[in-house]
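A, B, ... follow the sequence lines: proteins, then strands. Residue 1 opens every chain.
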Amino acid sequence: MLAYKDGRLVKASLGDIAEAAYMLIQLVPPGRVTTYGSIARLLGVSPRLIGRILASNKRPIIIPCHRVVKSDGSLGGYSMKGGVGFKERLLRLEGVRLTRNKRIPRENIIDLCEELCGGKN
DNA sequence: CATCGAACCAACC
DNA sequence: GGTTGGTTCGATG
C-alpha cells in the first residue's frame, strides 16, 4: 500500500508503485500517450523510477506500457523483444502519428491529470 | 523544430 | 561509494 504524507510519498514498495503506474497507464485511451514524468508526478516518484518499473514490468502485454513515452515526445525505450521498433508499430496501429524524427506530436500526448480530472469530474 | 549537455532519483555493483 | 538507466529541462543551431 502506498503511504502519502502531506501529498508526499513517504513509504512504498516498488511493486505497489508499479501497480499504481500500471493502473494509470491502463486508463490512457488509445491514440493517446502519456509521459513518464506525468505518472511520476502523480505517484510522487522520480521519472527514472517509472522507467525502471516499466522496464521490469511484471505484467507485459496486460499493461500498455507502449503508451508511455518521454516528455519531449520521443519513444524512450521498450524492454520487450521488439524494442522501440515494436513500440512504434503498436502506437501507429492505435493511430498515433510519428514525425520523421520518431517523435509524437504534443496533441497526442496527454497528462494523466488531464485524463483523470480534465475529461469529466 | 532538432540536437547537445547537465541535473535528478533510485536501483545496482 | 561510484555508475547507470525506458528521463527532464534549458540553451543553441
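Linking ILVMFWY side-chain heavy atoms closer than 4.5 Å, directly or via other members, places A/Ile25 and A/Val96 in two distinct hydrophobic clusters. Under the 4.5 Å side-chain heavy-atom criterion for Ile, Leu, Val, Met, Phe, Trp and Tyr, A/Leu112 and A/Leu9 are members of the same hydrophobic cluster. Following chains of ILVMFWY side-chain contacts shorter than 4.5 Å, one cannot reach A/Leu27 starting from A/Leu91, and the two form parts of different hydrophobic clusters.
Closest heavy-atom contact between A/Tyr36 and A/Lys70: CE1-N, 3.8 Å.
When rounded to the nearest whole Å, the span between CZ of A/Arg52 and P of C/dT3 equals 17 Å. Following rounding to the nearest Å, A/Leu49 (CG) and B/dC9 (C1') show an atom-to-atom distance of 8 Å. If you measure from atom CD1 of A/Ile50 to atom P of B/dC9, you get 14 Å, rounded to the nearest angstrom. Atom CD1 of A/Ile39 and atom P of C/dG6 are 15 Å apart (whole Å). Rounded to an integer number of Å, the gap from CD1 of A/Ile109 to C1' of C/dT8 is 13 Å. The distance between atom CD1 of A/Ile53 and atom P of C/dT7, rounded to the nearest whole Å, is 13 Å.
In the model, A/Ser74 has a side-chain atom that pairs as donor or acceptor with a side-chain atom of A/Asp72 under 3.5 Å. Donor-acceptor pairing under 3.5 Å is lacking for the side chains of A/His66 and A/Glu88.
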Could I get a table of every N or O pair under 3.5 Å where one atom is in the protein and the other is in nucleotides 1-4 of chain B?
residue	atom	partner	partner atom	Å
B/dA2	O3'	A/Asn101	ND2	3.3
B/dT3	OP1	A/Asn101	ND2	3.1
B/dT3	OP2	A/Asn101	ND2	2.5

Nucleotides 9-11 of chain C: which of its N/O atoms have a protein N/O under 3.5 Å away?
residue	atom	partner	partner atom	Å
C/dC9	OP2	A/Ser71	OG	3.4

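Between C/dT8, C/dG6, B/dA10, one nucleotide has an atom nearer to the side chain of A/Lys70 than all others, and that is C/dT8.
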Pair pattern of DNA chain C in dot-bracket, where unpaired bases get dots and | marks partners in another strand, Watson-Crick or G-U under 3.5 angstrom: |||||.|||||||

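No contact: A/Val84 has no heavy atom under 4.0 Å from any strand.
When the side-chain nitrogen and oxygen atoms of A/Arg48 are compared with OP1 and OP2 of B/dC9, none of them lie within a distance under 4.0 Å.
Atoms CE and CD1, from A/Met23 and A/Ile63 in turn, are 10.5 Å apart once rounded to the nearest 0.5 Å.
Using a 4.0 Å cut-off between charged nitrogen and carboxylate oxygen, A/Lys58 and A/Glu19 do not count as a salt-bridge pair.
Checking side-chain atoms of A/Asn57 against main-chain N and O of A/Arg59 turns up a donor-acceptor pair under 3.5 Å. No side-chain donor-acceptor contact under 3.5 Å links A/Lys102 to the backbone of A/Leu75.
Below the 3.5 angstrom threshold, one finds no donor paired with an acceptor across the side chain of A/Tyr78 and the base of C/dG6.
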Decide yes or no on side-chain contact (heavy atoms from CB on, under 4.5 Å) for A/Ile53 and A/Tyr22, but give the supporting numbers first. CA-CA 9 Å; A/Ile53 287 168; A/Tyr22 296 157; 4.0 Å; yes

